[in-house]
Amino acid sequence: MPVYNERATLRQVVARVLAVPLEVELICVDDGSTDGSREILAQLQEEHPQLRTFLQPRNMGKGAALHRGIRAATGDFVIIQDADLEYDPAEYTVLLEPLTQGQADVVYGSRFLSARPHRVLYFWHSVGNWILTMLSNALTNINLSDMETCYKAFRREVIQSIPLEEKRFGFEPEITVKIAKRKLRIFEVGISYWGRTYEEGKKIQWRDGVRALWCLVKYCVTEPAVAHHAAKTPADPEALTPGPSGHLPPAE
């Protein structure tokens, strides 16, 4: 969970994540907050042993915060969770199902596949998202409906094996191109979305859309195709046998 000046929602989103009926390791990376978020995280870490906090030395960008959190992850799966409550942690089980069934390496939570509630907001944001997703699909030859979604889930060893470069909001197109180049098994599931306004703290700007376009082209040109060995599926009786800790074993 990358955190930057989210004191208004931080306690609530942490409570929602930890209320999910799963064994959760919550990694929060504060990206140089100046509104008291760091102090709230320190209090929450004392209250919840499953919460781990990392502090960036300054505001380095959402992508940089994600890089640090991903490196520190030790669980079977990694879910990206924003701290602003636009995405509902209660839907983790929906997001994880293709992974726990051994069908997927990566799962995207699509805001456009679901009949679940969606807050109605900015027209031009939806146009920009559609353009970026269509261009991403054309360049990668995959068929996503929502490339820019925050909600992405990965097998941990998969996401930790991919070198990441983008420090800001370019993380979404970068990771999309890189998982496509590796021919990973990608699933989409429908999710709800409670978007917020700029007055409520939304941070993405039009410049980030331009950067996303550049990232799509850049990584499609520069990223080499990488052979990927598929994980075991449930057809293999050993594929999803829990280890001594109760965790699922890493796929081979």
Side-chain angles (χ1 to χ4, degrees), residues 1-18 24-75 78-89 109 121-122 125 128-129 132 148-154 156 159-160 162-176 178 193-215 218-219:
M1 181 189 298
V3 177
Y4 179 60
N5 290 343
E6 299 289 1
R7 65 174 299 163
T9 58
L10 190 51
R11 289 185 181 277
Q12 188 177 0
V13 71
V14 167
R16 288 194 187 182
V17 170
L18 297 182
V24 174
E25 170 193 54
L26 177 55
I27 298 172
C28 293
V29 182
D30 185 89
D31 192 29
S33 293
T34 57
D35 70 339
S37 292
R38 291 193 169 206
E39 290 73 19
I40 292 173
L41 283 174
Q43 295 168 7
L44 290 170
Q45 186 169 254
E46 291 182 359
E47 298 167 7
H48 303 288
Q50 63 270 60
L51 172 62
R52 300 169 61 197
T53 299
F54 296 88
L55 305 179
Q56 300 285 69
R58 62 186 185 283
N59 180 239
M60 301 171 67
K62 178 181 178 179
L66 289 174
H67 298 174
R68 190 167 186 185
I70 288 166
R71 289 196 304 269
T74 63
V78 173
I79 297 176
I80 307 298
Q81 170 72 55
D82 282 352
D84 55 14
L85 287 178
E86 289 192 337
Y87 298 83
D88 186 359
L121 282 174
Y122 302 113
H125 278 203
N129 190 297
L132 287 170
E148 283 285 330
T149 180
C150 158
Y151 257 3
K152 295 177 172 67
F154 309 84
R156 177 181 55 80
I159 186 61
Q160 288 182 341
I162 299 174
L164 299 170
E165 302 172 40
E166 292 299 313
K167 300 299 193 293
R168 286 185 51 79
F169 293 102
F171 172 84
E172 314 298 352
E174 177 192 5
I175 195 62
T176 300
K178 289 184 175 182
Y193 180 63
W194 304 89
R196 60 180 179 171
T197 65
Y198 285 103
E199 291 76 18
E200 293 167 333
K202 195 170 189 69
K203 297 178 178 66
I204 195 165
Q205 302 289 335
W206 66 268
R207 295 179 184 84
D208 297 306
V210 175
R211 177 67 186 180
L213 285 170
W214 164 246
C215 289
K218 171 186 174 182
Y219 292 109

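Index from 1, following the sequence. The structure presented is a predicted model; accordingly, all values stated were derived computationally and were not measured. Computed over heavy atoms, backbone and side chain alike; hydrogens, waters and symmetry mates excluded.
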What do the steps show when you test Leu85 against Arg16 for side chain to side chain contact (heavy atoms under 4.5 Å, CB included), and what is the final call? CA-CA 9 Å; Leu85 287 178; Arg16 288 194 187 182; 3.8 Å; yes
For the backbone of [Y] and the side chain of [X], can you confirm whether one donor and one acceptor N or O come within less than 3.5 Å of each other?
X      : Y      : answer
Ser33  : Asp35  : no
Asp82  : Asp84  : no
Lys178 : Pro163 : yes
Glu166 : Cys215 : no
Glu174 : Tyr219 : no
Arg52  : Ala72  : yes
Asn5   : Ser37  : no
Asp31  : Gly61  : yes

Inset, instruction - Evaluate side chain to side chain contact (heavy atoms under 4.5 Å, CB included) for His67 paired with Val29, printing each intermediate quantity in order. - result: CA-CA 10 Å; His67 298 174; Val29 182; over 6 Å; no
What pair of heavy atoms forms the shortest contact from [X] to [Y], and how long is it?
X      : Y      : value
Ala212 : Glu148 : CB-OE2, 3.9 Å
Gly69  : Ile27  : O-CD1, 3.7 Å
Met60  : Pro57  : SD-CD, 3.8 Å

| request: For Gln160, enumerate each residue passing the side chain to side chain contact (heavy atoms under 4.5 Å, CB included) test, keeping only those at least two apart in sequence or located in another chain. | output: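 Per chain and number, Gln160 pairs via side chain to side chain contact (heavy atoms under 4.5 Å, CB included) with Ile70, Ala73, Arg156.
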What distance separates [X] [atom1] from [Y] [atom2], expressed to the nearest 0.5 Å?
X     : Y     : atom1 : atom2 : result
Thr34 : Tyr4  : OG1   : OH    : 5.5 Å
Met1  : Leu51 : CE    : CG    : 8.0 Å
Leu66 : Arg68 : CG    : CZ    : 13.0 Å
Glu6  : Cys28 : CD    : SG    : 11.0 Å

Determine, stepwise, if the pair Tyr193 / Thr149 fulfils side chain to side chain contact (heavy atoms under 4.5 Å, CB included). CA-CA 10 Å; Tyr193 180 63; Thr149 180; over 6 Å; no
message: Checking Phe154 now: which residues fulfil ring pair (Phe, Tyr, Trp, His ring centres under 6.0 Å) with it, not counting sequence neighbours?
response: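 Phe154 satisfies ring pair (Phe, Tyr, Trp, His ring centres under 6.0 Å) with no residue once adjacent residues are dropped.
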May I have the list of side-chain donor-acceptor pairs in residues 39-48 shorter than 3.5 Å, sequence neighbours left out?
from: Gln43; atom 1: OE1; to: Arg11; atom 2: NH2; distance (Å): 2.3
from: Gln45; atom 1: OE1; to: Thr53; atom 2: N; distance (Å): 2.8
from: Gln45; atom 1: OE1; to: Thr53; atom 2: OG1; distance (Å): 3.4

Item checked: side chain to side chain contact (heavy atoms under 4.5 Å, CB included) evaluation trace for Gln50 with Leu26 -> CA-CA 6 Å; Gln50 63 270 60; Leu26 177 55; 5.5 Å; no
Taking only Lys NZ, Arg NE, NH1 and NH2, and the carboxylate oxygens of Asp or Glu, determine whether Asp30 and Arg38 approach each other closer than 4.0 Å.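 Judged by the 4.0 Å cut-off on N to carboxylate O distance, Asp30 and Arg38 do form a salt bridge.
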